[in-house]
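Residue numbers begin at 1 in each chain, while the letters A, B, ... track the order of the sequences. Given the structure is predicted, the values throughout are model-derived calculations rather than measurements. These numbers come from the heavy atoms of this one structure, side chains and all, not from hydrogens, waters or symmetry mates.
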Number of protein chains: 2
Amino acid sequence: MIFGISLSADVPVRQASLRQHNLRLVLGQVALVSPQSRADIAAATGLTRATVSTLVDDLVSGRLLREVSPAPRSGAGRPGVGLVLNDADGPAGLGLEINVDYLAACVLDLAGAVRHREIQPGDRRGVDPATVLASAAALASRAVLAAEDQGLTIVGTAVAVPGLVSPDGTIRLAPNLGWRDVDASGFTPGPLTVENEANLAALGELHHGSPGSADFLYVSGEIGIGAGIVLHGSLFRGARGWSGELGHVAVHPDGPACRCGAHGCLEQYAGQEALLSSGASAVSPGASVADLVSAAERGDPATLARLSTAADALGVTIAGVINLLDVDTVVLGGIYAPLTPWLRPGIEAQIADRVLTAAWSPVRVRPAGLGSNAAVVGAAGAVIRAVHEEPAAWLVPASPGKA
Amino acid sequence: MIFGISLSADVPVRQASLRQHNLRLVLGQVALVSPQSRADIAAATGLTRATVSTLVDDLVSGRLLREVSPAPRSGAGRPGVGLVLNDADGPAGLGLEINVDYLAACVLDLAGAVRHREIQPGDRRGVDPATVLASAAALASRAVLAAEDQGLTIVGTAVAVPGLVSPDGTIRLAPNLGWRDVDASGFTPGPLTVENEANLAALGELHHGSPGSADFLYVSGEIGIGAGIVLHGSLFRGARGWSGELGHVAVHPDGPACRCGAHGCLEQYAGQEALLSSGASAVSPGASVADLVSAAERGDPATLARLSTAADALGVTIAGVINLLDVDTVVLGGIYAPLTPWLRPGIEAQIADRVLTAAWSPVRVRPAGLGSNAAVVGAAGAVIRAVHEEPAAWLVPASPGKA
DNA sequence: TCAAATAATTCAACCGTTAAACAAATCGTG
DNA sequence: CACGATTTGTTTAACGGTTGAATTATTTGA
């Protein structure tokens, strides 16, 4: 549970909690705009310069902040020393992604910069989970070494998987991997979080993608269709962590049967298989998304028609979501990102038609800024975000020799 | 904005904030279990008895708590004095509801008990908004008098309306009243909140109805169909406050045209008009919901068929919502509450069929505990809830003569 | 009547923030 | 090159809120 909100309501508050809160406040301010003096921070947060000084001292000796020599000069007066997130020898987050057609790893430093990345393509459908997890573990240990080479310390790991995950780290159901009740909680050393791929991708988009709204629906087109829901700037995981199963929302209740047992699910109209493998078209069976894009660019009528059908189905479903949740932005991720030019018109038309408030408050539809990296980056970001959320817990005790 | 979360993250925290937090903690503890001694509170919250004493002193002299003579005895030792929410001469909340076929007012004391209620039936469709607001204002002033007679002081008012409300209190659109851009912000003295009827009903159900889940979908069947979404125990209002337009989610995208301009909206299948006025049946046009219930109880085939159709449509839509949001409870409110016996089977069948996680985590479907009072009670409850959330702001200064 | 037990209050100590004074570092100007 | 102006960062006394131990208050049971 790396995503839990920590400041919750029904717990007593002592002076120490106060300090924790203000430590986070200062760290967050530095994360917001980067070289910043203690005085700047004081002005921006409303804390006193004195308080900021003591807080910054803690954060610097705890290896979360770093001083940089000259702050950008302005007028007269003593120059302030700049403060930045410690991306030199501080903590770092490790993100992993287990997907149907690739494994990926990614290391982010405290400032959110990608410091290492490795992608291992290969179809994992039907492969023994233990084998796949072993490959992922190997990927992870290479990433840890790479981080150490750069002076960074991995303080946690998050894994993105295309399926439903229990709070204890068990993968309850990953239909497209063919997995069911796989325990992924301890396959790598250190604290580990297992989380749905679309959720982490949404987080990645929120914190590391193009800056946009704090309320959006991230639609992840992979073999299946998932969604990550960001409400008021934080991920909504549902009562049991199983939100976002957009692919199995009904478009036509009496439509074709779906693998899930129901009829007319969105996945039947806009899933990767529906887009790639059906009917006669310029795109041959077994083709890739890149082929689809080029066929669309050529203007192939059958391809365009199929994309239009998918866009309509997506649009109907998304319009329903907007009527329900009132998000103001829809982010198209996964395979939908490169297909945005052909999907957007149909989606926007359905929104205009079906969303009650569309007339006076527009909804943006845009492609994901991070492309296919959204989930790994989101996973690593979730780890460093935990540090940002509770810096007091991550202050490394000053070694007496060095201080 | 009576519902805002006050403890937010990017604000400095001083000792005073600490006190505010702990005041709320103590008040909340008393609200949780009622006659409770200072020592009990200390044990339950983790605060020191000393601290609890000073906090309770503030709350008592500020008229939010009241001491009751003998706490329930147990063994030996000095008996603790019981503390209860001040429902004798404390603050109270006024809730109003403007609906298509009735106006209502309701006063709740700090303990959440209904101390006054008035309902004024009568069809308001097409009536001039100013006239309706004047009636509501009259209702409100009678409620204020009734409260004063009982020693209570109204500290705020919330109004439930069947429509979309802007943050500034303007009713942007209330289709079934025929209102558009009506300013309802100042029609009664004192602080006023205007809010969607389904949202307030959901809040009412959450805090004053049958205790249940903290994540649920409240489906409000009135002339239109609205929904209130409660996530992690708090109301989700959407990016702009316009969440919950369930009635215009598509069931059959190519279905019959809806007033809203789209096609196949849920309202066409399960709205009050669809249930009451269509086709030949034992229920004559212009009938009421009570007629519908008695026809269903008689087993009238046409009525049962129509209810079954409505249940299927509701079920498809609700299943989509659950796939998306992973709520574990669905509350049927408004006209659906008395119809639950006939609606539930169809809804549950669709959920079982279409919700991915239904197999291993059941979804409860139940009628609203408050019936048609949910919205007014929720409105009044929202006001007293604001006091609970930020007691420091509501401590009445001790009058020197009385203290 | 007295000891045991529990409730509530008092008081010195602690901790984090504040405000104001002070020290440090730079620029502008003569 | 010196000096005032200016801004940064640290120091120090004071303040507010919580804590823990001691004290007082109130009841039960022997």
Side-chain angles (χ1 to χ4, degrees), chain A residues 7 11-27 29-30 35-62 65-83 391-392 395, chain B residues 7 11-26 29-30 35-62 65-84 391-392 395:
Chain A
L7 51 105
V11 109
V13 155
R14 23 196 122 271
Q15 276 92 323
S17 342
L18 201 156
R19 185 127 249 254
Q20 286 174 25
H21 179 104
N22 286 337
L23 278 171
R24 175 171 65 177
L25 184 62
V26 168
L27 191 63
Q29 181 59 33
V30 176
Q36 218 177 171
S37 72
R38 291 162 171 80
D40 294 337
I41 298 172
T45 58
L47 293 163
T48 321
R49 292 206 309 268
T51 307
V52 171
S53 263
T54 72
L55 291 167
V56 164
D57 284 353
D58 281 8
L59 290 171
V60 168
S61 70
L65 287 184
R66 196 162 56 86
E67 297 189 326
V68 297
S69 22
R73 305 261 75 260
S74 49
R78 167 179 171 175
V81 321
L83 294 163
L395 295 173
Chain B
L7 51 106
V11 110
V13 156
R14 20 197 125 268
Q15 275 95 321
S17 342
L18 201 156
R19 187 127 246 253
Q20 287 174 24
H21 179 105
N22 287 338
L23 278 171
R24 174 170 65 178
L25 183 62
V26 169
Q29 182 59 32
V30 176
Q36 219 177 169
S37 72
R38 291 162 171 80
D40 294 337
I41 298 172
T45 59
L47 292 164
T48 322
R49 293 206 308 269
T51 307
V52 171
S53 263
T54 72
L55 290 167
V56 165
D57 284 352
D58 281 8
L59 290 169
V60 168
S61 69
L65 287 183
R66 197 163 55 88
E67 296 189 326
V68 297
S69 22
R73 305 259 76 259
S74 49
R78 165 177 172 178
V81 321
L83 294 163
V84 296
L395 295 173

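- With distances taken from any side-chain atom of A:R19 to the nucleotides D:dG17, C:dT17, C:dT9, the minimum falls on C:dT17.
- Set against D:dT18, D:dT19, D:dG9, the side chain of B:T48 has D:dT19 as its closest nucleotide.
- For A:S53 and D:dG9, the shortest distance from a side-chain N or O to OP1 or OP2 is not below 4.0 Å.
- Within the structure, a side-chain polar atom (N or O) of B:S37 is placed less than 4.0 Å from OP1 or OP2 of C:dA8.
- Checked against D:dT10, D:dT27, D:dG17, the side chain of B:P79 finds its nearest nucleotide in D:dT27.
- Going from atom NE2 of B:H21 over to atom C1' of D:dT18 covers 13 Å, rounded to whole Å.
- Using a 4.0 Å heavy-atom criterion, one finds that B:A50 contacts the bases of the nucleic acid, with or without backbone contacts as well.
- Atom P of nucleotide C:dT6 and atom CZ of B:R78 are separated by 14 Å, given to the nearest angstrom.
- Here A:N22 does not reach the OP1 or OP2 of C:dG16: none of its side-chain N or O atoms lies under 4.0 Å away.
- A straight line from CD of A:E67 to P of C:dA25 spans 13 Å, rounded to a whole angstrom.
- A:L55 is not listed as a side-chain neighbour of A:I41, based on a closest heavy-atom distance of 4.5 Å or more.
- When side chains are defined from C-beta on, A:V26 does not count as touching A:Q36, because their heavy atoms never get closer than 4.5 Å.
- Comparing A:Q15 and A:R49 against DNA chain C, the residue whose closest nucleotide sits nearer the 5' end is A:Q15.
- Proximity of A:N22 to A:T45: side-chain heavy atoms (C-beta onward) are nowhere separated by under 4.5 Å.
- A side-chain donor from one of A:S37 and A:D40 sits under 3.5 Å from a side-chain acceptor of the other.
- Rounded to whole angstrom, the span from the CG atom of A:D57 across to the C1' atom of C:dG16 amounts to 14 Å.
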